[in-house]
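Per chain, numbering begins at 1; letters A, B, ... match sequence-line order. On a predicted model such as this, the values are computed, not experimentally measured, just so you know. Because only heavy atoms are used, hydrogens play no part in the values below, and waters and symmetry mates are left out as well, while side chains stay in.
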There are 2 protein chains.
Amino acid sequence: MSALPRISKRLFSSSSLLRNRAVIYKENGPISKVLSAVTYPSLPPPPPNTVNIKFILSPINPADLNTIEGVYPSKPTLSSNLNTSGKGSQEEPVFVAGNEGLAEVVEVGEGVSGLEKGAWVVMDKPQLGTWSTSRNVTPKDIIRLPFGKLNGLSEAHGATMTVNPTTAYNMLDSFVPLSAGDWIVQNGANSAVGKLVIQIAKIRGINTINFVRPRDNLAGLVKELEKLGANKVLTYDELSDKSLRGKIKEWTGGKDIRLALNCVGGDTTTAMVKLLGQNAHLVSYGAMSKKPLSLPTSLFIFKNLVSRGFWQTRWSKENSRHKKEALIGTLAEWMAGKKLKAPEHEIVTISKEDSDEVASQKIRDVLTRVSEGKVGKKVLLRLDSTDA
Amino acid sequence: MSALPRISKRLFSSSSLLRNRAVIYKENGPISKVLSAVTYPSLPPPPPNTVNIKFILSPINPADLNTIEGVYPSKPTLSSNLNTSGKGSQEEPVFVAGNEGLAEVVEVGEGVSGLEKGAWVVMDKPQLGTWSTSRNVTPKDIIRLPFGKLNGLSEAHGATMTVNPTTAYNMLDSFVPLSAGDWIVQNGANSAVGKLVIQIAKIRGINTINFVRPRDNLAGLVKELEKLGANKVLTYDELSDKSLRGKIKEWTGGKDIRLALNCVGGDTTTAMVKLLGQNAHLVSYGAMSKKPLSLPTSLFIFKNLVSRGFWQTRWSKENSRHKKEALIGTLAEWMAGKKLKAPEHEIVTISKEDSDEVASQKIRDVLTRVSEGKVGKKVLLRLDSTDA
């Protein structure tokens with residue numbers, strides 16, 4: 001390949017002849033056993049009504065690990081079109097890992113409108129297999145971003161748009177009618193979603209009371225969250241302080257709090273829920289404490305509390321294409337306008353020089369670090385295209 | 001008064017000259033300390049736009065005890081019109097106990113239409129003070145029954161209509177759309193509400209899986225509930241049996257169960273909730289175990305479980321007069337048609353010969369028995385009118 005004359009290499013470099021590497025598994029199981037990076041021959045040009053996309057950055061989300069291990073309710077679909085340039089190939093279908101990612105349109109198949117080479121897209125179809133160099137996809141599998149980097153939207157913004165910001169937006173939008181000046185409470189406020197909740201609430205004029213774990217450098221975290229727009233930041237310890245109700249009444253002017261967002265569970269969540277007024281919703285999207293929700297029945301009966309969950313995957317299935325495009329458009333605009341920060345992140349690059357063996361090891365290493373909670377930031381994978 | 005000639009006594013006996021006895025308290029506290037039966041002078045004739053009603057039977061519901069003790073969220077209103085025949089009276093306002101009851105219209109004030117002497121009515125206004133002989137009320141405080149005893153509706157039916165049957169009806173009606181052939185689960189199935197759920201579900205063609213505490217004479221209870229229409233009756237112990245899921249799948253033909261009714265709480269409720277399918281509602285209306293609801297967060301996130309409560313008092317506040325009248329009409333029709341059984345009950349009579357002291361002691365005794373759980377049946381109070 002290095003023998004190819006320079007000019008032809010350039011000619012092919014952004015076309016369908018990108019050699020394709022993908023992080024795959026054939027069955028669910030422990031990451032170190034089932035996962036590997038495999039280089040496939042280049043994809044064929046996109047068939048009619050499909051486009052070829054090249055991934056720019058793809059996050060490693062905690063749910064990705066659960067999906068590979070087989071303990072997540074969302075199952076990936078088997079891919080058999082990774083190297084079937086010849087239709088008669090006997091290729092065994094595999095799962096390609098990765099649910100979220102930012103990609104660029106490389107080549108547009110016949111009959112596709114509204115997408116041109118260079119357009120930035122995010123995934124609409126869940127578990128599409130974003131930990132790969134490139135895929136041929138149908139236009140309905142993806143959602144086009146209204147603009148790219150040049151307009152202030154970074155690659156990291158684009159790569160992390162369809163899971164956390166949509167979750168934060170929809171939890172504020174779907175359960176309780178909130179107006180500017182209303183108050184909400186949330187725990188895990190320094191999680192990726194928690195920080196987005198703070199920022200989106202701020203944009204909408206909604207006030208947030210944010211709970212975090214007690215820690216050594218609390219002041220630093222409080223400052224950071226306040227800078228994002230948090231009105232109040234408290235620790236779970238302060239939840240058991242009897243004076244808290246009085247303080248909150250003062251802050252809210254006695255207005256009932258009607259929305260609590262929860263990604264923790266256990267006792268501190270019970271205490272947080274007791275701060276809510278009549279007809280409130282507790283919306284759970286995670287369970288970091290690994291403890292169940294424990295809620296006094298009287299809250300349900302006499303205060304009309306509603307406890308429910310939010311899962312962006314379900315929202316996405318149940319809502320129209322139009323609504324999803326509008327949401328992505330809104331988020332992209334806020335990100336470009338510097339109203340939503342991209343998450344702090346670390347980029348792990350699998351370069352084209354890495355052998356599949358090296359690439360596999362890199363992936364396994366970073367996934368191990370993520371699963372052990374050793375990475376405080378979002379990890380974004382960059383699979384550099386391996387030119388044919 | 002006993003010197004009045006017999007004929008005039010008869011003339012007055014069902015008029016506004018009924019002497020009024022009421023079970024009252026001046027402040028919340030332990031029943032034995034705060035509660036007493038007091039005889040007041042007869043009420044004045046009903047002022048314009050009111051009617052005088054005489055209570056026939058009034059249940060003692062568990063919530064009545066909590067209300068008197070001051071630990072129930074629903075507060076009674078102070079009554080100061082018990083003996084103010086003279087407007088300038090310096091009577092201290094008191095609480096009259098009792099929330100539910102069947103009464104008969106005795107005298108109709110000017111300007112009232114649609115209510116005539118002899119009509120049976122139930123209470124619409126909560127905490128109206130039904131543990132008394134008679135009251136002057138406005139027509140909107142009460143709901144007229146479409147027919148009385150002669151049409152198959154017993155006094156016990158009428159007296160117990162506005163709390164338990166409405167709760168059972170509305171829980172089946174308000175949360176999940178249910179069609180004939182659908183399945184629901186409930187615990188505390190042998191409670192008053194549980195038995196009504198079975199019967200109303202039966203009328204609607206909805207199948208019920210009913211959980212009860214293990215007990216010695218289980219077969220007898222199973223038989224009783226099956227006779228009411230229960231499709232399946234199981235004990236909480238059977239909830240932990242792994243084969244149960246398979247059995248239920250067989251019964252339901254694999255159809256998702258989308259409604260669970262709970263008056264127990266604690267572990268067995270958690271186990272019951274795990275039998276539910278996607279998009280189900282857990283509706284709690286009691287907490288007999290005194291343990292909180294403990295629910296895995298994953299059920300909310302991935303199965304879209306919704307946990308909420310039902311309180312008939314709130315339903316009644318939030319729904320139109322028209323809807324409430326229609327509901328009472330439906331229930332009365334079912335009761336008269338022998339489709340809904342009156343609860344097993346014991347009638348405690350405070351006769352007109354009882355002194356206030358004797359009456360007070362009778363009331364306290366029965367309330368103590370109720371609070372100690374020594375009465376397996378519904379207790380209905382009959383305060384015989386003490387003719388003037």
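Identified by a heavy-atom distance below 4.5 Å to chain B, the contributing residues of residues 305-317 of chain A are A/L305, A/V306, A/S307, A/R308, A/G309, A/F310, A/W311, A/R314, in residue-number order.
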Only pairs under 3.5 Å count here: list side-chain donor-acceptor contacts from residues 255-273 of chain A, not counting sequence neighbours, and write none if there are none.
| residue | atom | partner | partner atom | Å |
| --- | --- | --- | --- | --- |
| A/K255 | NZ | A/D182 | OD1 | 3.3 |
| A/D256 | OD2 | A/Q278 | N | 3.2 |
| A/R258 | NE | A/N279 | O | 3.1 |
| A/R258 | NH2 | A/N279 | O | 3.3 |
| A/N262 | OD1 | A/N187 | ND2 | 3.0 |
| A/N262 | OD1 | A/V264 | N | 2.7 |
| A/N262 | OD1 | A/G265 | N | 2.9 |
| A/N262 | OD1 | A/T269 | OG1 | 3.3 |
| A/N262 | ND2 | A/S284 | OG | 2.9 |
| A/T269 | OG1 | A/N187 | ND2 | 3.2 |
| A/T269 | OG1 | A/G265 | N | 2.9 |
| A/T269 | OG1 | A/G265 | O | 3.1 |
| A/T270 | OG1 | A/G266 | O | 3.4 |
| A/T270 | OG1 | A/S294 | O | 2.6 |

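Contact record, B/T297 with A/G286: CG2-O, 3.5 Å, taken as the closest heavy-atom pair.
Proximity to chain A is absent for every atom of B/K290, based on heavy atoms less than 4.5 angstrom apart.
Remark: A/E27 CD is loosely packed, at most 12 non-hydrogen atoms of other residues, nucleotides or ligands lying under 6.0 Å away. Counted within 6.0 Å of NZ on A/K324, heavy atoms from surrounding residues, nucleotides or ligands total more than 12; the atom is thus considered enclosed.
Chain A forms the most heavy-atom pairs under 4.5 Å with one residue out of B/P296, B/A287, B/P73, and that residue is B/P73.
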